[in-house]
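Beneath this line is the structure, given in structure tokens, with notes to follow.
For clarity, every value in this text was computed on a predicted model and none was experimentally measured. Atom set for the values below is all heavy atoms of this structure, side chains included, hydrogens, waters and symmetry mates excluded.
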Amino acid sequence: MVFYVYHSPYQVERHISYPSDHRLYHTHMDYRVSYEHSMKNDPDAFIAQVPSQLVEGIPTNIPRALVPEYITELILSRSPTIGKIRNLRIL
């Protein structure tokens with residue numbers, strides 16, 4: 001069974017409970033972010049502005065200070081046409 005805990009409208013924790021084990025496990029966090037990005041063929045021309053995007057599946061064991069870097073790498077790995085990301089903000 002999956003439970004969701006809402007810290008704010010943009011930050012959600014997923015908890016997983018297994019029937020044989022009634023403890024809750026922190027496994028992943030979801031973050032809403034905004035950023036600007038360029039395309040891979042012209043990495044210095046930032047042409048797109050993303051006002052809000054939900055990024056799911058961030059492990060909870062990542063230190064808070066490294067979350068923006070992890071999210072940036074995750075977005076780049078999921079979107080092969082994006083060249084660079086700048087001004088990433090966690091909303």
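A heavy-atom distance below 4.5 Å is found between the side chains of Asp44 and Lys84. Between Val50 and His37, some side-chain heavy-atom pair lies under the 4.5 Å cut-off. Counting heavy atoms from C-beta outward, Ser38 and Ile82 have side chains that stay 4.5 Å or more apart.
Atom CG of Asn41 and atom OG1 of Thr81 lie 9.0 Å apart (nearest 0.5 Å). Interatomic distance, CD of Glu56 versus CG of Leu74, reported as 10.5 Å (0.5 Å rounding). Between atom CD1 of residue Ile62 and atom CE of residue Met29 there is a gap of 11.0 Å, rounded to the nearest 0.5 Å. Between the CD1 atom of Ile71 and the CD1 atom of Ile58 there is a distance of 4.5 Å, given to the nearest 0.5 Å. Here the CZ-CG distance, from Arg32 to Leu54, works out to 4.5 Å after rounding to the nearest 0.5 Å.
With hydrogens and angles ignored, the 3.5 Å screen pairs a side-chain donor or acceptor of Asp30 with a backbone N or O of Gly57. Of the possible donor and acceptor atoms, none in the side chain of Ser79 sits under 3.5 Å from a partner among the backbone N and O of Leu76.
Residues Ser34 and Ser52 share a closest heavy-atom pair of CB-N, 4.5 Å. The two residues Leu91 and Pro51 make their nearest non-hydrogen contact at CD1-O, 3.8 Å.
Counted within 6.0 Å of CZ on Arg89, heavy atoms from surrounding residues, nucleotides or ligands total 12 or fewer; the atom is thus considered open. For CD of Glu69, the number of neighbouring non-hydrogen atoms (other residues, nucleotides, ligands) closer than 6.0 Å is 12 at most.
In the hydrophobic clustering of this structure, Tyr70 groups with Val55; members are Ile, Leu, Val, Met, Phe, Trp, Tyr whose side-chain heavy atoms approach within less than 4.5 Å, directly or through other members.
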(request) Step by step, work out the side-chain contact (heavy atoms from CB on, under 4.5 Å) result for Ile85 and Ile75. (result) CA-CA 9 Å; Ile85 291 178; Ile75 292 170; 3.5 Å; yes

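Side-chain atoms of Gln53 and Tyr35 include a donor-acceptor pair closer than 3.5 Å.
With a 4.5 Å cut-off between side-chain heavy atoms of Ile, Leu, Val, Met, Phe, Trp and Tyr, the cluster of Met39 takes in Ile47.
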